[in-house]
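A short write-up of the structure that comes next.
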Amino acid sequence: MRMSKLFFQTLRDAPADADVRSHQLMVRAGLVRQVAAGIFEYLPLGLRVKKKIENIMREEMNAIDGQEIVMPVVQPAALWKRTGRWYEIGDDLARLTDRAGRELVLAMTHEEVITELAGGVINSYRQLPVMLYQIQTKFRDEPRPRGGLIRVREFTMKDGYSFHTDIASLDEYYPLVYQAYFNIFGRAGLEVIAVESDTGMMGGTMAHEFMALTEVGEDTLLLCDECGYKANRQVATFVKSENEDQAVEEALPLEEVSTPGVNTIAALSDFLEIPQSRTAKALFLVATTEEEGEDKEQFVFVIVRGDMDLNETKLTNALKARQLRPAHPEEIRAIGAEPGYGSPVGIHRDQVLLVVDDLIVRSPNLVAGANRDGWHYTNVNCGRDYEPDLALDVVAASAGHPCPLCRAPMRAERGVEVGNIFKLGTKYSEAMDATFLDEDGSSAPMVMGCYGIGSGRLMASVIESNNDDNGIVWPVTIAPHQVYIVSLATRRTPEVTEVADRVYQQLQEAGLEVLYDDRDERAGVKFNDADLLGIPMRLTIGARGVKNGVAELKLRRSDEINELPLDDIVNQIQAVSDAESAAVLAGVITESLQ
RNA sequence: CGGGGAGUAGCGCAGCUCGGUAGCGCGCUUCGUUCGGGACGAAGAGGUCGGAGGUUCAAAUCCUCUCUCCCCGACCA
């Protein structure tokens, strides 16, 4: 491609509304433009990268017997009503009505459609297993898009769905996808780790997220360097231990103490000069659960140790709640508690579901509120002073907590979820009546898995971890072009143009992708644009070199400059390109799933 | 939805406090000189100051309403 003809624009200054590095660079390099919050357009260079990423996905999906299809973005509401998600999912699901008044949705994912499709085509166990995938637009009306392409509303996703006769078959297939995902990210030059994750609104039994570690990530991960334990904070566990002296302590008599104006754990700890771990934190929530098809609100009183935080995902899952929200002060008072001085002692027990973290059961003599403004109880003991409805793990793991497998202290990192895989089970096949006839003539719902990767988010993540002060540093495998030719021709040196034109043509004929900077610009402009665009190989052709029969090659990721003879330029560039590819592929991780 | 910030030329910004009819840098156009890391000179093009209403002789500037975008939180396949 000749730069003089390319539809693009590079910017010296990033738009003021671009905050994260990848967003700034993508806009400055002319890869994408933002149209509205979370809605982007791809310019030619950006689209080339996106397509390369998607082709890698295709190859890896095909390699594990995936077959590509395309499903609609606009879908009838009826399908979503059959699985109940039309009612369950809130405003994230964009709904519209057509001219005839029919209700439609913009697809935010495709389980309903694919399950109906598979159910219609597949009748026999002989047709299973099968994996179908598509690379398609999705729309989720996110409450808050952010971070450029990291979190958007309209996006392209590779989503795959596998169908099996039984769980054993899914269990056999799932690790293949797991490895295929490492292949995809590795080939795209992105380092990821796989962590255990929550199954969320997708339902299902096992799930992994593939995370790119970066500060702009929205998820917190807990990692153990000792044994390799990795989990999203939403599901991470850790070994909880009582305070040493506390384990053997006798339960002391309950006492009320005056604590005027002390309504936070930190203040309480300071005021009474005790560690936060000797306090009990009271949290008031309202859970929405479904009972016989009807929503029901339940007041939930949660107690965790003062030095720990509630993990809402764990609690939501334990309660099988659809929603969890903080209770209003009126609601708190209605059950006999006082905001800021909440205590399990003396509340209207019949109106409350009392949940304690399992550590509370083994922590005697804690300080808790007294349900009275300005007063706390000391020596509150679970089992003696109050009886919980549930005692289970509902606290969030944090940096420093002991690993659940080996007890070594874990560390916390931020990550972007670039892909995920789920064992869905039969949730959708049952709802959509997608059954098959087994060998023995019995009918059963197909067992499903589902597997997603967002291409734009992957692209942004690669940039997040591959850039420097001058711009993007693309891995050659997904760079918009492999070679950037800088022609330093002027009016006085037509021979330089001749050589540059010829090299451009030769490289192209050899199958290399070349961006040829034939613009009438000064050298500095071209070099800076080359750096900003991040093309892996930069070939400079100037009067000096032409005189000596050489061109200069500089790799974007190094400062070294090498002279290559013009008469062997194609072979030499090809060799460097192959080496660059090999270097990226060497980073592909092979990891078997336990 | 709660909190904070911002909308003035393609991009980055000033002007607003104290009303007088819009400016700077980059980019863009033309000509000339330059030409190996974002050249120089000269001459130009480009803006309903996010939108609506109001106050005023006069509004980018003051008042009211509204839309949009960004950040933190809530939320999140």
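Chain naming here is simple, since letters A, B, ... match the order of the sequence lines and numbering starts at 1 in each.
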Would you mind writing out the side-chain donor-acceptor pairs for residues 30-38 of chain A within the sub-3.5 Å range, not counting sequence neighbours?
residue: A/R33; atom: NH2; partner: A/Q9; partner atom: OE1; Å: 2.6
residue: A/Q34; atom: NE2; partner: A/A36; partner atom: O; Å: 3.1

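- With sequence neighbours excluded, the residues that form a side chain to side chain contact (heavy atoms under 4.5 Å, CB included) with A/E297 are A/V286, A/T288, A/R325.
- Between A/G454 and A/P326, it is A/P326 whose nearest contact on RNA chain B lies nearer the 5' terminus.
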Next on the checklist: Each nucleotide in nucleotides 36-41 of chain B should get exactly one letter: B, S or -. Can you fill that in based on protein heavy atoms under 4.0 Å?
Outcome noted: BBBB--
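- Applying the salt bridge (Lys or Arg N to Asp or Glu O under 4.0 Å) test to pairs two or more places apart or on separate chains, those with a residue in residues 451-469 of chain A are A/D468-A/R556.
- Taking atom CG of A/L43 as the reference point, atom P of B/C11 lies 13 Å away to the nearest angstrom.
- The distance between atom CG of A/D520 and atom P of B/U30, rounded to the nearest whole Å, is 11 Å.
- Across every strand in view, B/A22 sits unpaired, with no contact that passes the Watson-Crick or G-U test at under 3.5 angstrom.
- B/U48 and B/A43 have their C1' atoms separated by 28 Å, given to the nearest Å.
- Across all strands shown, nothing is found opposite B/G27 as a Watson-Crick or G-U wobble partner with both distances under 3.5 Å.
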Item to check | B/S/- contact track for nucleotides 66-73 of chain B, protein heavy atom under 4.0 Å | outcome: ---SSBBB
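- As rounded to the nearest Å, B/C63 and B/C1 have P atoms that lie 25 Å from one another.
- Between the side chain of A/K50 and the main chain of A/Y42, no donor-acceptor pair closer than 3.5 Å is present.
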Between protein and nucleic acid, restricted to nucleotides 4-6 of chain B and to nitrogen or oxygen atoms under 3.5 Å apart, what atom pairs and distances do you find?
none

Listing, residues 211-219 of chain A side-chain donor-acceptor contacts under 3.5 Å, not counting sequence neighbours, or none:
residue: A/T214; atom: OG1; partner: A/V216; partner atom: N; Å: 3.0
residue: A/E218; atom: OE1; partner: A/R151; partner atom: NH1; Å: 3.0
residue: A/E218; atom: OE2; partner: A/R146; partner atom: NE; Å: 3.0
residue: A/E218; atom: OE2; partner: A/R146; partner atom: NH2; Å: 3.4
residue: A/D219; atom: OD1; partner: A/N232; partner atom: ND2; Å: 3.3

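- Pairing for B/U34 is absent, with no Watson-Crick or G-U wobble pair whose two atom distances lie under 3.5 Å.
- A 3.5 Å limit on both hydrogen-bonding distances identifies B/C1 as the Watson-Crick or G-U partner of B/G73.
- Using atom C1' as the reference point in both B/C16 and B/G7, the two lie 14 Å apart (nearest Å).
- Rounded to whole Å, atom P of B/C75 lies 13 Å from atom CG of A/D219.
- As the counterpart of B/G46, no nucleotide is assigned, since no Watson-Crick or G-U wobble pattern has both distances under 3.5 Å.
- Screening residues 312-321 of chain A for salt bridge (Lys or Arg N to Asp or Glu O under 4.0 Å) gives A/K314-A/D393 as the qualifying pairs, with residues at least two apart or on separate chains.
- If you take CZ of A/F7 and P of B/G10, they are 15 Å apart, rounded to a whole angstrom.
- Applying the ring pair (Phe, Tyr, Trp, His ring centres under 6.0 Å) test to A/F139 and every residue at least two apart in sequence or in another chain returns nothing.
- With B/G12, B/G10, B/C28 as the candidates, the nucleotide lying closest to the side chain of A/E521 is B/C28.
- A/F139 comes within 4.0 angstrom of nothing in the nucleic acid, heavy atoms only.
- Test A/E116, A/E111, A/M446 against A/M432 for side chain to side chain contact (heavy atoms under 4.5 Å, CB included) and you get one pass: A/E116.
- Rounded to whole Å, the separation between the P atoms of B/C71 and B/G36 comes to 42 Å.
- For A/F40, the ring pair (Phe, Tyr, Trp, His ring centres under 6.0 Å) criterion is met by A/H23, not counting sequence neighbours.
- On the P atoms, B/U64 is 25 Å away from B/A9, given to the nearest whole Å.
- Atom pair A/R233:CZ and B/C75:C1' shows a separation of 16 Å (rounding to whole Å applied).
- In this structure, B/U64 and B/A52 make a Watson-Crick or G-U wobble pair, each of the two defining distances being under 3.5 angstrom.
- Taking atom C1' in both B/A14 and B/C49, the straight-line distance is 13 Å, to the nearest Å.
- Annotation: B/U17 and B/C31 have their C1' atoms spaced 45 Å apart (nearest Å).
- Between A/N467 and A/R21, the side chains place a donor N or O and an acceptor N or O closer than 3.5 Å (distance only, hydrogens not considered).
- Comparing B/A60 with B/A22, their P atoms sit 9 Å apart, to the nearest whole Å.
- With sequence neighbours left out, A/Y173 forms a ring pair (Phe, Tyr, Trp, His ring centres under 6.0 Å) with A/H164.
- Between the side chain of A/K526 and the main chain of A/S487, a donor-acceptor pair closer than 3.5 Å is present.
- Across all strands, A/E312 comes closer than 4.0 Å only to sugar-phosphate atoms, never to a base (heavy-atom distances).
- In this structure A/Q75 satisfies the side chain to side chain contact (heavy atoms under 4.5 Å, CB included) test together with A/P72, A/W80, A/V105, A/A107, A/H110, A/V113, sequence neighbours excluded.
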